[in-house]
Amino acid sequence: MIRDDGIELNTKLEKPEGAERCPLAVIIHGFTGHMEERHIQATAETFLSLGCATLRVDMYGHGKSGGTFREHNLYKWINNSLRVLDEARKMDFVTDLYLCGHSQGGLTAMMAAGLKHEMIQGLIPMSPAWMIPEAARKGEILGVTFDPARIPEVIRSPHGWELDGNYVRVAQTLHVEEMIDRYTGPVLLIHGDADEAVPVEYARKAAGRYRNARLVILKGDTHCYDHHLPDAMEAIRQWMIGR
Ligand code: FER
């Protein structure tokens, strides 16, 4: 557990066997997700197999962390990630810090990497949902539409979730390009070209804008790598070995 401004964040630290000092990868799940999802677990296992410790975290209002889903927003998630990175930096076995996030966690990782650029030796946004701010400015969130100038108190999805309107107000203020420009370290972007939640064009756009990026597109794969998860993990392995 790590406390962030009174909120308990559920975390899981795992270290590779036998390593005294090693790098550490912070791993962040997506919207409605948590640290035990198949693709998040696989990501942790991949880093561990490469001799890299992992720190998975359930973000505000998700998994076993404090806060409610309805009250979560991207400022809270970005603050959570800064707090977790500070905690990770203090662990005395840690050599380098990697930051990895899936979807909304990928967007969060991109924002945090911009804010803490000198602290992060590698950034791995997986299917990052970095169109959320743009979509929120246009009046859309996961297929639910609204007047962007008259944000409702609550956003209700046909899938059953409810989000406070503040989620949208916060999202509208984020300018991801500026945060991309602030992070000049190495980046690995992974994205399926049959992603149903985040268009693959956003991965191409991010790869073109980052100073030092590799882009791996998984042919025919979905948002959570339903078809080619081992290929997504192999992309991480190859990139890490090449560093
Ligand atoms: C959206 C598209 C994708 C959105 C969130 C996502 C909240 C994130 C998905 C994920 O994290 O898996 O419009 O709005």
Side-chain angles (χ1 to χ4, degrees), residues 9 26-44 56-63 65 67-78 80-81 99-113 123-148 151-176 179 189-206 218 221-229 232:
L9 297 179
V26 171
I27 303 172
I28 306 174
H29 62 77
F31 184 86
T32 71
H34 56 81
M35 66 163 72
E36 306 296 351
E37 289 177 292
R38 170 178 168 268
H39 56 291
I40 301 297
Q41 276 186 6
T43 301
R56 280 183 274 163
V57 53
D58 283 338
M59 304 300 273
Y60 183 104
H62 286 68
S65 286
T68 63
F69 175 80
R70 182 175 157 140
E71 298 291 324
H72 96 278
N73 68 53
L74 282 156
Y75 288 164
K76 292 182 185 181
W77 274 37
I78 292 163
N80 289 164
S81 66
L99 179 58
C100 178
H102 175 254
S103 197
Q104 179 167 291
L107 164 60
T108 303
M110 289 167 71
M111 297 298 294
L123 171 67
I124 304 103
M126 301 170 69
S127 315
W130 74 279
M131 76 304 169
I132 291 175
E134 214 172 279
R137 287 189 279 272
K138 285 187 189 145
E140 194 243 299
I141 218 75
L142 270 176
V144 183
T145 56
F146 49 85
D147 178 349
I151 299 163
E153 257 179 64
V154 185
I155 312 280
R156 289 191 179 85
S157 150
H159 303 290
W161 50 257
E162 290 187 352
L163 263 183
D164 194 285
N166 289 343
Y167 175 96
V168 176
R169 293 177 191 276
V170 164
Q172 285 183 341
T173 69
L174 300 181
H175 294 279
V176 190
M179 292 298 156
L189 286 144
I190 301 172
H191 211 118
D193 71 1
D195 191 321
E196 67 288 9
V198 182
V200 69
E201 284 65 40
Y202 280 87
R204 293 204 174 91
K205 224 161 66 162
L218 304 168
D221 216 353
T222 57
H223 191 52
C224 296
Y225 322 111
D226 292 310
H227 309 309
H228 305 295
L229 183 61

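Counting starts at 1 for both ligands and their atoms, following the listed order.
Judged by distance alone, the side chains of H29 and H62 never bring a donor and an acceptor atom under 3.5 Å apart.
Side-chain N or O atoms of Q172 include one that pairs as donor or acceptor with a backbone N or O of A136 at under 3.5 Å.
Among protein heavy atoms, the minimum distance from atom 5 (C) of ligand 1 is reached at I132 CD1, 3.5 Å. Summary of contacts: the protein heavy atom closest to atom 7 (C) of ligand 1 is Y167 OH, 3.2 Å. Annotation: atom 8 (C) of ligand 1 to nearest protein heavy atom, S103 OG, 3.3 Å. Closest protein heavy atom to atom 2 (C) of ligand 1: M131 CE, 3.0 Å. The protein atom (non-hydrogen) at minimum distance from atom 4 (C) of ligand 1 is L142 CG, 3.2 Å. Distance from atom 14 (O) of ligand 1 to its nearest protein heavy atom, with residue and atom name: I141 CG1, 3.3 Å.
N166 CG to I151 CD1: the interatomic distance, rounded to the nearest 0.5 Å, is 8.5 Å. The structure places CD of E36 at 5.0 Å from CZ of R56, a figure rounded to the nearest 0.5 Å.
Of all atoms in ligand 1, listed by their number and element, those nearer than 4.0 Å to a heavy atom of H223 are 9 (C), 10 (C), 12 (O). With ligand atoms numbered from 1 in the order given, ligand 1 contributes 11 (O) to contacts under 4.0 Å with heavy atoms of G30. The contact set between ligand 1 and Q104, taken as ligand atoms under 4.0 Å from a residue heavy atom, comprises 10 (C), 11 (O).
In this structure, H29 does not count as a contact residue of ligand 1, since none of its heavy atoms falls inside 4.0 Å of the ligand.
Considering backbone and side-chain atoms together, E140 places no N or O closer than 3.5 Å to any N or O of ligand 1. In terms of N/O distances under 3.5 Å, ligand 1 is approached by F31.
Between F31 and F69, the angle of the ring planes goes over 60°, which puts this pair in the perpendicular group of the 30/60° scheme.
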Q: Report the C-alpha distance between M111 and W130 in whole Å, list the side-chain angles of each, state the deciding distance to 0.1 Å, and finish with yes or no for side-chain contact (heavy atoms from CB on, under 4.5 Å).
A: CA-CA 9 Å; M111 297 298 294; W130 74 279; over 6 Å; no
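Environment of CD in E153: sparse, with no more than 12 heavy atoms of neighbouring residues, nucleotides or ligands closer than 6.0 Å.
We find that E134 and R137 are not joined by a salt bridge, their nearest charged nitrogen and carboxylate oxygen being 4.0 Å or further apart.
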